[in-house]
Each structure stands twice: as C-alpha cells, then as structure tokens.
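The structure appears right after this line, and notes come after that.
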Amino acid sequence: MQRSPKTRAVGFTRILNFFTTLQTTGPKPTQSNLLKTSCVDQDNEVVPFNNRSLTETSNAYASLLRRCIERKSVSEIRRIQLHMTKSGFPHLSLGNKLIDAYLKCESIEDARKLFDEMPQRHIVTWNSMIASYIRHKRSQEALKLYQMMLPEGVLPDEFTFSSIFKVFSDLRLLPEGRKAHGLLVVSGLEVSNLFVGSALVDMYAKLGKLRDARLVVDRVMEKDVVLVTALIVGYTQHGKDGEALEVFRNLVKEGIKANEFTFASILIACGNLEELGKGKLIHGLIIKSGFESVVASQTSLLTMYSKCGLIDDSLKVFDRFVNANQVMWTAVIVGLVQNGREELALSIFRRMIRSSINPNSFTLSATLRACSSLAMFEQGKQIHGRVMKAGLDKDRFAGAALIDMYGKCGNIEMARSVFDALVEIDVVPVNSMIYSYAQSGYGHEALKLFNRMRDMGLEPNDATFVSVLAACSNAGLIEEGLNIFSSIRSNPTIDLSRDHYACVVDMLGRAGRLKEAEILINQVKKPDVVLWRTLLSACRIHGEVEMAKRVMNGALELEPGDEGTHVLLSNLYASTGNWTQVIKMKSTMREMRLKKNPAMTWVDVDRGVHTFMAGDWSHPRSGEIYEMLDSLIEKIKDLGYVPDTRFVLQDLDEKEKERSLYYHSEKLAITFALLSNSNKNTCIRIFKNLRVCGDCHTWIKFVSKVARREIIARDAKRFHHFRDGLCSCGDYW
DNA sequence: TTAGGGTTAG
C-alpha cells in the first residue's frame with residue numbers, strides 16, 4: 001500500500017526519535033548498545049535491534065538517507081549525521097553516502113565540510129564533488145579538488161575526465177587541459193570512452209582549438225551523436241559554418257542519427273551562411289524526427305529563417321510554439337530588429353513583458369537598437385529603466401546599446417554617464433561612445449577617448465577607426481584624422497575597409513581638398529558607389545561642376561540606376577543656376593523611373609511622433625502652425641535673418657524662392673513643437689531623413705535664441721545641438 | 001552512489 005508523505009514523515013521522525021530517546025534516557029550510547037537495541041526494517045519502521053550487525057545498522061542509515069534525498073531535505077541529513085556522531089556510529093564509513101545525499105540536495109557546503117573531515121575518500125566521492133562544483137559554475141573550486149587528487153594518491157578515472165575538461169575551457173586553461181589530455185592518452189580512455197572523448201572535443205572546441213578537436217573525433221573509432229555534435233558546435237561558435245555543415249554531412253553518411261542538440265547547432269550554420277535550402281531540409285528532418293517541441297532547436301530554426309530574410313516564416317515558427325522561453329522571445333525580437341521591423345519588435349517585446357517573461361541583456365540591447373533606429377527617445381529611456389531593474393546597467397552589451405541609443409538620440413550627457421558606470425569595459429562600448437561623440441560633432445572628446453584606449457588595455461579595432469575618423473570629419477579635424485588614417489595604413493592587424501576611405505574622402509571633401517579625395521578613391525581597389533557619392537556631395541558643397549561630372553561617371557559605372565547620384569548632380573546644377581541641365585537630369589530620372597526621396601522631418605511631441613513634409617498641410621493644426629511660422633520669421637528677420645535662396649533648387653523668382661524656403665519640413669516641425677510642447681523647459685528633438693539645409697540651419701539658430709529653447713536636430717548624418725543662437729557643429733557640416 | 005554536446009548579441 002502506498003503511504004502518504006505525511007505518514008512517511010511520521011515514520012522517519014519516529015526512527016530518529018527512537019535513536020534520540022535512547023541517547024537521552026538510556027545509558028550513554030555506544031556503538032555496541034545501539035547495534036543491540038535497535039534497527040529499522042525495510043519499511044523504515046523501528047524494530048527491536050536484537051543483535052543486528054554493523055552492516056544492518058549501516059543499511060538502516062542508508063535507507064534514511066535515501067528518504068532525505070527523495071524529500072530534498074538537507075536539515076534531515078544533518079540530523080542523521082549528528083545522530084551518527086553522537087551515538088558513536090563510525091559515521092565516516094557512510095561518508096560517501098552522506099556526501100552523495102548532500103550533493104543531491106544541492107548543499108555543496110555541507111558536502112565539502114564532511115569531505116574535508118574524511119581521512120579516506122572513495123574516487124566516486126571525488127568525482128561527485130567535482131561534478132557538483134562544475135554544475136554550480138564553481139570551476140575554480142573544481143580545479144583545486146582535481147589538483148589535490150594526484151598528491152593524495154588518487155588517480156582520476158573516466159568519470160573525472162568526463163567532467164574536468166569543462167573546467168579548463170571555462171577558465172581558459174589550455175596548457176592544463178593538454179596535460180590532462182596526455183594522461184588520457186596514456187590510459188587509453190581518449191578513444192575508448194565516448195563521455196571522455198566528447199568532453200575533450202568540447203574543451204578544444206570552446207578554446208577555439210578546432211584542429212585538435214577534429215583530431216580527437218577522428219581518432220575515436222565508434223563515434224556517437226554527442227561526440228560529433230560537440231565538434232559541430234565548436235565550428236559554429238567560431239564562425240566556421242562551412243566546416244560545421246561538412247561534419248554534419250559526414251554524420252548523416254555514417255548513419256548517426258542527429259538529435260535536437262545537433263539540429264539546434266547546424267541551423268545556426270545554415271542561417272549564418274544564408275543557406276535557406278539546407279535550412280529548410282533540416283526543418284523537414286526536425287519534423288520527421290519529432291523534435292518540433294524542443295525549444296532550443298526551434299529557436300535556432302526561427303533564427304535561421306530571420307537570417308535568411310524570411311521574417312514571416314520565422315514568426316510562424318514562433319507563433320506555433322506554445323511555451324516560448326526567454327531566449328526564444330529574445331531571438332524573435334532580435335530577428336525583427338535585424339530585418340528592419342523595429343515597430344513589430346517593440347510590440348512583441350511588450351507582449352513578452354505582459355507574459356511575465358523577464359528580458360535579459362540580449363533582449364534589452366535588441367530593443368534599444370529598435371528605439372535608436374526609430375529615434376524613440378522616450379521609449380529608449382523607459383527601456384533604460386528596465387535595464388536598471390534587471391541589474392544590467394553595468395553589463396557591457398546592454399551598456400553599449402544604451403550608449404548607442406542615447407548617442408543616436410543626441411543625448412551625449414546620458415551616453416557618457418552610462419559609459420562611466422560600466423565596470424567591465426571592452427572595445428565595443430568604447431566604439432559606441434566615440435561614435436556618439438562623432439555624431440554630435442564632439443571631435444576633441446572622441447579623440448581624447450580614442451587616445452585613452454591603450455591605457456585602458458584596449459586595442460582599437462576597425463570599427464573604432466571608422467568612428468574616430470567620422471568624429472574628425474564631422475568636427476573638421478583634418479590633420480588629426482589624416483594622422484590616424486596613416487597610422488591605420490601601417491597597422492598590419494587592421495584591414496582598411498571602404499568605410500575608412502569613405503570617412504577620409506568625406507573629411508577631405510568637406511574641407512575643399514577635392515583633388516586629394518579623388519586621388520584617394522582611385523587608390524581603393526574596388527571603390528563602391530558610396531565613395532563616389534561622398535565625393536559628389538563635396539563637389540556640390542564647393543560648386544565643383546567639372547569634377548562632379550567625372551565623379552558621376554565613376555558612380556554610374558558601378559550603379560547606373562543609383563538615384564542618390566542623380567539627385568546630387570541635379571542639385572548641384574540647380575545650386576549653380578544651370579536650369580537646362582536640371583531639366584535634363586529630371587527627365588533622365590523620369591525615364592529611368594528613379595524617384596527622389598522626399599525630405600521629411602519627425603518630431604517627438606508629448607510622447608507622439610509627428611511627421612512633416614515641405615509645404616505640407618496634412619497636419620490637423622496646420623492653420624496655427626503656418627500662422628506662427630510667419631510671425632516667427634518676421635521676428636527673426638528683425639534680428640538679422642536673411643533667407644538664403646541658394647538652397648532653393650527650383651527655378652523660381654526670388655520672392656517665390658523665399659516662400660518655398662519658409663515651409664521646409666524642419667521649420668514646420670519645430671514650429672509645431674513650439675506651439676504645443678507642454679513642458680517649455682524640455683529641448684525640442686527633430687529627426688530628418690536628409691541633411692538639414694543651410695537656410696534651415698541659420699533659421700534654427702535664430703529660433704533657438706528668440707524662443708529660448710534648446711533644439712536638437714538629427715539629420716541623415718549627424719546631430720546639431722542649437723542653443724542660444726549657436727550650433728554645436730560650429731557651422732561646419 | 002559519480003560522467004559528455006544545444007537556442008538569443010555589438
């Protein structure tokens with residue numbers, strides 16, 4: 001008959017009470033009178049002992065310990081241990097069992113204390129202790145125990161080896177790992193025990209020693225799925241996706257059945273290589289093998305689809321899965337952000353929170369990236385709150401994303417305060433900070449941080465150089481930028497990319513050193529259209545029509561249908577008053593069906609985003625906006641504002657040109673913000689898809705003075721912070 | 001009585 005837990009508990013207590021009563025009421029218990037007077041039978045009921053043997057008593061204790069494990073009760077194990085000691089029972093003879101019980105009840109400290117008291121320990125006990133430390137991610141302590149074994153005359157066995165290699169990879173102790181590998185080869189365990197073999201492969205793989213990992217796999221005669229999967233994982237985690245696929249093919253060829261672990265890893269390789277066909281094949285195999293309800297392989301599956309750009313298929317996998325965990329929710333959000341579906345990513349994030357799934361640093365950094373792409377400052381601040389709540393404000397991934405978000409929203413002070421709070425800094429948050437400075441035109445700050453990197457023990461990488469060059473370019477720090485550029489050229493660890501060249505071309509071009517910029521582009525092996533377009537835009541700034549024609553040819557050779565190139569040249573003709581060429585360009589563009597991106601400005605007012613286009617009357621408060629704008633223009637004209645009609649790219653008379661300038665999208669947006677912002681102390685933030693025009697730049701400077709408001713404008717390239725009639729860019733942009 | 005491989009990132 002099955003007894004209820006309650007009766008079982010009573011039985012347990014009765015046994016201990018019996019022992020205890022014996023101690024307190026009877027003569028001082030000795031081992032012999034304990035053995036003579038009591039024992040427990042199979043059912044754990046107390047029965048008279050009647051000369052039972054030591055073995056039988058020990059069986060009784062063992063039986064009690066099993067009950068403790070079932071009930072996961074550490075305190076009861078402690079009571080038993082205490083009882084053994086007090087009653088004079090040689091408790092260390094059951095030490096291995098006691099330790100096993102403590103470990104199964106997750107009390108490593110009790111186990112370790114007893115372990116240290118034991119004069120002799122069984123190899124099983126050593127192994128259990130070590131495995132427990134590893135399970136609890138206490139690699140340092142596991143390593144110390146392992147290192148105690150040999151001096152104490154205990155030889156590690158196959159169980160020891162199958163756990164200990166994880167310690168070497170966790171603590172990145174390759175020489176120690178190799179030493180242990182040597183012991184294995186001598187013992188012959190390397191190729192004969194699959195547990196040992198796969199642990200060894202896993203260590204080499206995690207330490208990036210993939211050749212060693214592969215050699216071990218090759219030496220094992222009878223391979224199994226775990227061994228081969230460890231190698232596949234190693235390849236995918238080190239960007240060797242092609243090799244992972246090849247190992248997978250061999251696995252199939254050798255008739256080894258892949259399981260959910262294998263599928264989870266091989267799908268990553270398919271995703272990284274954008275091998276949709278192979279990915280779909282694996283999807284079929286997952287269904288056939290019945291692993292559709294395993295969360296990790298389904299997570300990899302949805303990531304594979306999103307990396308191949310099939311975001312709808314990715315969402316289908318997610319929607320079908322009922323018990324998505326934190327990682328799966330995160331994976332779908334990350335996929336959406338990577339595919340430019342930021343709004344949906346944010347809405348799924350809100351669903352995740354409603355479902356009481358906590359975000360982690362992966363989730364929050366993806367969500368923050370969504371906010372920065374959409375320039376959602378308010379939302380970004382809220383996510384910052386969540387980062388703090390999750391205790392991740394010192395995390396370098398979340399930190400880098402926060403710095404990016406604040407940087408892209410133009411709040412350089414917040415970006416810096418997040419940066420200063422980071423504890424473990426690596427190159428990425430530093431890059432984010434330098435890039436934030438670059439966008440806001442704080443070139444000197446960017447350089448200061450860049451120069452401090454080596455003192456911080458950090459090596460700048462290619463992204464660092466792109467950021468610092470952009471900072472020099474935006475701040476007009478030409479000589480500093482060129483010095484850095486030549487230092488990259490002599491740095492063998494950095495591959496100069498087109499991004500680096502683009503920064504320098506932009507830097508030289510804006511400074512009017514067009515010839516040098518052109519020479520530089522001609523040094524690039526395969527210049528792309530972006531490089532030519534960068535130079536073309538410099539030609540436009542400096543009115544260099546002849547060079548522009550040459551540059552345009554360079555650009556159109558690469559991409560005949562690039563609308564940006566056509567628009568730039570057409571604007572250049574317009575700014576020099578060459579209307580015949582403008583008309584010609586426009587008809588060419590019509591023939592080629594190229595459309596000009598219309599200029600748009602977004603403004604974040606009282607937690608709502610409002611969009612404006614030039615001369616736009618679609619906003620419900622347009623009447624008030626235009627009225628206020630006209631009076632604002634009259635006011636600043638008195639202070640010296642003169643409309644700069646050079647920025648009108650249409651063939652109109654002077655008066656008409658002025659009128660067309662007045663209603664540019666950024667002017668409408670700012671006027672609307674002035675009209676409606678409830679808190680007059682907050683700064684106005686506007687975002688523009690193209691670059692801000694020169695006339696609007698002057699206009700905003702005046703408005704920041706008369707309205708006594710700080711105005712932050714992010715255009716296609718950078719930020720302008722307007723305050724009291726001045727702009728942070730120093731009119732250089 | 002003790003043992004091996006997995007999912008999300010800039």
Side-chain angles (χ1 to χ4, degrees), chain A residues 62 65-66 69 94-101 103-104 121-132 134-135 156-166 189 193-203 205-206 213 217 224-234 236-237 258-268 271 291 294-304 306-307 321 324-335 337-338 359-369 395-404 426-432 435 461 463:
Chain A
L65 286 172
R66 276 199 295 279
I69 295 169
L94 276 179
N96 294 318
K97 280 206 166 58
L98 274 166
I99 287 179
D100 181 55
L103 292 179
K104 283 191 173 134
R121 308 115 176 156
H122 197 277
I123 177 74
V124 170
T125 304
W126 284 93
N127 291 341
S128 305
M129 278 303 313
I130 290 175
S132 254
I134 296 172
R135 259 200 310 281
D157 67 0
E158 62 264 48
F159 285 86
T160 328
F161 285 122
S162 53
S163 330
I164 200 66
F165 286 112
K166 201 186 223 42
L189 284 168
N193 184 304
L194 279 167
F195 285 86
V196 174
S198 32
L200 184 59
V201 170
D202 180 61
M203 175 195 73
K206 296 256 158 71
V217 172
D224 76 348
V225 60
V226 180
L227 180 84
V228 182
T229 303
L231 184 61
I232 293 177
V233 171
T236 57
Q237 288 180 343
N259 63 17
E260 70 268 38
F261 288 74
T262 329
F263 290 135
S265 309
I266 200 64
L267 280 168
I268 298 169
F291 291 124
V294 180
V295 63
S297 39
Q298 292 298 303
T299 303
S300 293
L301 184 64
L302 78 80
T303 300
M304 185 276 293
S306 78
K307 285 200 173 153
F321 204 87
N325 62 8
Q326 183 194 49
V327 178
M328 196 181 212
W329 279 93
T330 303
V332 75
I333 291 168
V334 167
V337 175
Q338 284 169 344
N360 60 21
S361 111
F362 288 62
T363 334
L364 293 168
S365 40
T367 315
L368 284 166
R369 253 179 295 134
D395 177 273
R396 59 186 206 278
F397 282 97
L402 276 170
I403 295 166
D404 275 333
D426 70 4
V427 67
V428 179
V430 177
N431 291 353
S432 303
Y435 194 65
N461 61 15

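Chain letters run A, B, ... following the sequence lines, proteins first and then strands; every chain starts at 1. Quantities reported herein were computed from a predicted structural model and do not represent experimental measurements.
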Given the rule in the side chain to side chain contact (heavy atoms under 4.5 Å, CB included) test, do A/T303 and A/I268 qualify, once you have shown the distances and angles that lead to the verdict?
CA-CA 7 Å; A/T303 300; A/I268 298 169; over 6 Å; no

Dump the intermediate steps for side chain to side chain contact (heavy atoms under 4.5 Å, CB included) on A/F165 and A/D202, then the final yes or no.
CA-CA 8 Å; A/F165 286 112; A/D202 180 61; over 6 Å; no

Stepwise side chain to side chain contact (heavy atoms under 4.5 Å, CB included) check, A/D100 with A/K104
CA-CA 6 Å; A/D100 181 55; A/K104 283 191 173 134; 3.0 Å; yes

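A/D224 comes within 4.0 angstrom of a base, heavy atoms only. Counting non-hydrogen atoms under 4.0 angstrom, A/S198 reaches a base of the nucleic acid. Nucleic acid contact for A/D404: none, since no nucleic acid atom lies under 4.0 Å from a heavy atom of the residue. At a threshold of 4.0 angstrom between heavy atoms, the contacts of A/V334 are confined to the sugar-phosphate backbone, with no base atom among them. Note on A/L227: a base of the nucleic acid sits closer than 4.0 angstrom, heavy atoms only. Across all strands, A/D395 comes closer than 4.0 Å to no nucleic acid atom at all (heavy-atom distances). Among the protein residues, A/Q298 comes within range of no part of the nucleic acid, since none of its heavy atoms lies under 4.0 Å from any strand. At a threshold of 4.0 angstrom between heavy atoms, the contacts of A/S432 with the nucleic acid are absent. Residue contacts shown for A/R369 are limited to sugar-phosphate atoms, with no base heavy atom under 4.0 Å away. Base contact: A/V327 has a heavy atom under 4.0 Å from a base atom. Residue A/N431 is classed as having no contact, given no heavy-atom separation below 4.0 Å to the nucleic acid. Counting non-hydrogen atoms under 4.0 angstrom, A/V201 reaches nothing in the nucleic acid. Using a 4.0 Å heavy-atom cutoff across all strands shown, A/R121 reaches no nucleic acid atom at all. Using a 4.0 Å heavy-atom distance criterion, A/V332 is classed as making no nucleic acid contact.
Note that CG of A/L301 and CE of A/M328 are 8.0 Å apart. Values are rounded to the nearest 0.5 Å. Interatomic distance, CZ of A/R135 versus OG of A/S128, reported as 8.5 Å (0.5 Å rounding). In this structure, A/D404 CG and A/L368 CG are separated by 9.0 Å, a value rounded to the nearest 0.5 Å.
With a heavy-atom cut-off of 4.0 Å to chain A, the contacted part of DNA chain B has its first and last nucleotide at B/dT1 to B/dG10.
Shown here is A/Y435, whose OH atom has no more than 12 heavy atoms of other residues, nucleotides or ligands within 6.0 Å.
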